[in-house]
Amino acid sequence: MAELVLALDVPRATEAFALLDRLPALRWVKVGPILMTREGPTVVRDLIDRGLKVFLDLKWHDIPNTVSGAVTAARELGVGMATVHALGGGRMLEAAAAAAGEDLALVGVTVLTSHDPSSYAQTLGRSGVDLNAEVARLAGMAMDAGLRGVVCSPGEVSLLRKRLGTSPYIVVPGIRRGADALGDQVRVASAEDATRNGATHLVIGRPLLQAADPGALLEDLMKESRCAAP
Ligand code: C5P
């Protein structure tokens, strides 16, 4: 079974809370740069006060001292999970893991789900790249540095579960059903497939944010994510 995490990619806290009123079964929400930049830490405190677990997804990628300070601030705010970019390097990841302590589950972003092999190769200035190998390499770095888990696309979940063993978190955005618009996501899968392959947390934004009946969709997704991992 995987946890469902609603990505609150909306411009205002009022909009987020109106949607949450319709989703009483939800336990996890993700606050990213859109809501955090507009509303600041108050929105995180208000979500925690409502009994929700907050995943702060600001994907820090900076020098070790700066990232360590940001992780400390997130831990003190009561955040349950947060992201750093594995590409920040071993020293940055180790400093981040040390600052997170036991209370904050820090997960390392491998390759963004909006990349395909050619866009990632272009970003790195290479002529070609094996995306699976790159995701596995970055995930290994994150785990070696002491992080709680990793973020990857649905396409790499089963590979990472085999490589990393049973305990690391594998957080998976890019969840779509057949009829859903992809938006800017490239490497996508259903909640059921991602869960079966070993995801522990499924991040879902636009399909729920744009649903005519978000409560009914959440119920369907919860059923799908209850299937057993292999
Ligand atoms: O709207 P959608 O379901 O595509 O939202 C996915 C969420 O997951 C967004 O908030 C996005 O920032 C986040 N995310 C991602 N790819 C990653 C890490 C996080 O799409 N590798």
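Reckoned from all heavy atoms, side chains included, excluding hydrogens, waters and symmetry mates. Each ligand, and each atom within it, is numbered from 1 in the order the structure gives.
For atom 20 (O) of ligand 1, the closest heavy atom belonging to the protein is Q185 NE2, 2.9 Å. Ranking protein heavy atoms by distance to atom 9 (C) of ligand 1, first place goes to D9 OD2, 3.3 Å. Given atom 19 (C) of ligand 1, the protein heavy atom at minimum distance is K59 NZ, 3.2 Å. Distance from atom 11 (C) of ligand 1 to its nearest protein heavy atom, with residue and atom name: K30 NZ, 3.9 Å. Here the heavy atom of the protein found nearest to atom 17 (C) of ligand 1 is P173 CG, 3.5 Å. Taking atom 7 (C) of ligand 1 as the reference point, the nearest protein heavy-atom neighbour is V203 CG1, 3.8 Å.
Under 4.0 Å from ligand 1, the heavy atoms of P207 that appear belong solely to its side chain. Under 4.0 angstrom from ligand 1, there are no non-hydrogen atoms of I175.
In this structure a side-chain-to-backbone donor-acceptor pair under 3.5 Å is present from N197 to D193. With T110 contributing its side chain and V151 its backbone, the two residues share a donor-acceptor pair below 3.5 Å.
Side-chain atoms of Q122 and S119 include no donor-acceptor pair closer than 3.5 Å.
Under a 4.0 Å criterion applied to the non-hydrogen atoms of R206, ligand 1 contributes the atoms 1 (O), 2 (P), 3 (O), 4 (O).
Proximity of S153 to ligand 1 is not established, as no heavy-atom distance is less than 4.0 Å.
For atom 16 (N) of ligand 1, the choice among L209, T113, V171 with the nearest heavy atom turns out to be T113.
Between G205 and ligand 1, at least one N/O pair is under 3.5 Å apart.
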Acceptor/donor pairs from residues 59-67 side chains to any protein atom, 3.5 angstrom cut, sequence neighbours excluded:
unit_1 : atom_1 : unit_2 : atom_2 : d
K59    : NZ     : D57    : OD1    : 3.1
K59    : NZ     : D57    : OD2    : 2.8

